[in-house]
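Just below is one structure, and these are the notes that go with it.
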Protein chains: 2
Amino acid sequence: MRLVIARCSVDYAGRLTAHLPMAPRLVLVKADNSVSVHADDRAYKPLNWMSPPCTLKEEETEDGGRVWTVVNKTGEKLIITMEEVLHDSSHELGVDPGLIKDGVEAHLQELLADRMETLGEGWTLIRREYPTAIGPVDILGRDADGGTVAVEIKRRGEIDGVEQLTRYLELLNRDPHLAPVQGLFAAQEIKPQARTLATDRGIRCVTLDYDALRGIEDDKLRLF
Amino acid sequence: MRLVIARCSVDYAGRLTAHLPMAPRLVLVKADNSVSVHADDRAYKPLNWMSPPCTLKEEETEDGGRVWTVVNKTGEKLIITMEEVLHDSSHELGVDPGLIKDGVEAHLQELLADRMETLGEGWTLIRREYPTAIGPVDILGRDADGGTVAVEIKRRGEIDGVEQLTRYLELLNRDPHLAPVQGLFAAQEIKPQARTLATDRGIRCVTLDYDALRGIEDDKLRLF
DNA sequence: GACTTGATGTCGGTC
DNA sequence: GACCGACGTCAAGTC
């Protein structure tokens, strides 16, 4: 990893065209040749960057400045012109052991599949990731009356998720072996507009409590 | 801006729970106190981070190690435990003059509104950002026969954009003063599945040539 | 390689 | 502050 602090201007031409006037910034070069240009604000988003795989060409100008040209396969180009270099250091970091996460949508799905009765008395699981032509339905289940239910799970329920579930329902209900299929939108938090749209389409909304679900799961583990 | 290279482990508890085992990494602290922890790959996304506004507390352990605790208002917490510090430097960057962009959707919209005939002989503009209860329609126009057309503009046309336009059309067609309203999906690039869905719903698709539109505009400017 | 979906998305504008 | 849509979204998984 190489850290350069320099007064620089930046030009990007690719998916859009962008320009940064001359100013002091951090230029970060990683082991995979990716480059990012940071100002002293915004948690982590750089002002400009080039994702790997890409190539970095360094040139020196007559007056001691530097010009870096970063190019990727699709022809996107990032040009960094450095007027004055204030710091330049390189560091060997090695490969990172990687991040361990807990609490993402996949976990919600696992927990809910294991506790279908959270959704309603007597509900059972048909299967998780039920495959369809337009992608897998998060959970396909059965309610107490034997009716089929398609469940879409989100951490945060927004309009997109309702649209997604609607497409699944439309498709599933064309299958005479399955129809009628009810829809259920389950999320830790459901935005008002998403709830309105879902309700308008006859889709039931349920908010999930991750900690409670995990607690139930822990209780189960303690029992067996 | 402060740059620290250190062997560290990281724990995050907030919107999810995450852990990073001890390894050498870059810890970046910006002027707004935001912190990000980078490995030596992935263009700009850190392994872990805390967005501003947040507070950073530094402590030293008996064996010369450091523990940083970063907390934000909503109670999210990031704990960085440094076993060995390999580099530590601070740099004054000042406020960045900011990025100048060109070629985004807004610009496409301006160009197209100014050249409605690109969409069809005799087409005219009613207005840009036509307001509706569920958000503004990019362009509302009139075709050669006087029929109303709602235009949704995207840089890249995907399914989401078709769904969005469909919602607008549904709403607009409930208004007897406007109905019938045709739909037109215009983008620099239209994904096959989006095109299929649009066509299936009777929405016409048009791919836009940004350079050509800008060229036409330049010609116009030269004339007047 | 195209397509889909999730994300600690982030960011900016509006109400 | 909530909500909503755009993003050079990115990144991972599937087909």
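Each chain gets a letter, A, B and so on, in the order the sequences are listed, and its residues count up from 1.
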A:Gln164 side-chain N/O to C:dT4 phosphate OP1/OP2 under 4.0 Å: no
Ion pair A:Arg214/A:Asp102, N-O distance below 4.0 Å: yes
Separation of the P atoms in D:dG8 and C:dT5, to the nearest angstrom: 23 Å
Touch class at under 4.0 angstrom, heavy-atom based, for A:Ile159 against every strand present: nothing
Toward the 5' end of DNA chain C, by each residue's nearest nucleotide, A:Lys101 or A:Ala43: A:Lys101
Sugar-phosphate, base or nothing in reach of A:Asp160, heavy atoms under 4.0 Å: nothing
Sugar-phosphate, base or nothing in reach of A:Pro136, heavy atoms under 4.0 Å: nothing
Touch class at under 4.0 angstrom, heavy-atom based, for B:Tyr12 against every strand present: base
Sugar-phosphate, base or nothing in reach of A:Glu76, heavy atoms under 4.0 Å: base
Closest-nucleotide ordering on DNA chain D, the 5'-leading residue of A:Ala194 and B:Lys45: A:Ala194
Sugar-phosphate only, base, or nothing, as touched by A:Glu129 at under 4.0 Å among non-hydrogen atoms: nothing
B:Leu78 vs A:Gly135, nearer the 5' end of DNA chain C by closest nucleotide: A:Gly135
Distance in angstrom units between A:Tyr44 OH and D:dA11 C1', rounded: 11 Å
Toward the 5' end of DNA chain D, by each residue's nearest nucleotide, A:Pro52 or A:Lys191: A:Lys191
Sugar-phosphate, base or nothing in reach of B:Tyr168, heavy atoms under 4.0 Å: nothing
For B:Arg25 against B:Leu47, the heavy-atom pair lying closest together: NE-CD1, 3.4 Å
Presence of salt bridge, B:Glu170 and B:Arg201, under 4.0 angstrom: no
N/O (side chain, A:Arg195) to phosphate O (OP1/OP2, D:dC3) under 4.0 Å: no
Residue that, paired with A:Val137, satisfies side-chain contact (heavy atoms from CB on, under 4.5 Å) out of A:Leu172, A:Val181, A:Leu165: A:Leu172
Heavy-atom neighbours of A:Gln182 CD exceed 12 at 6.0 Å: no
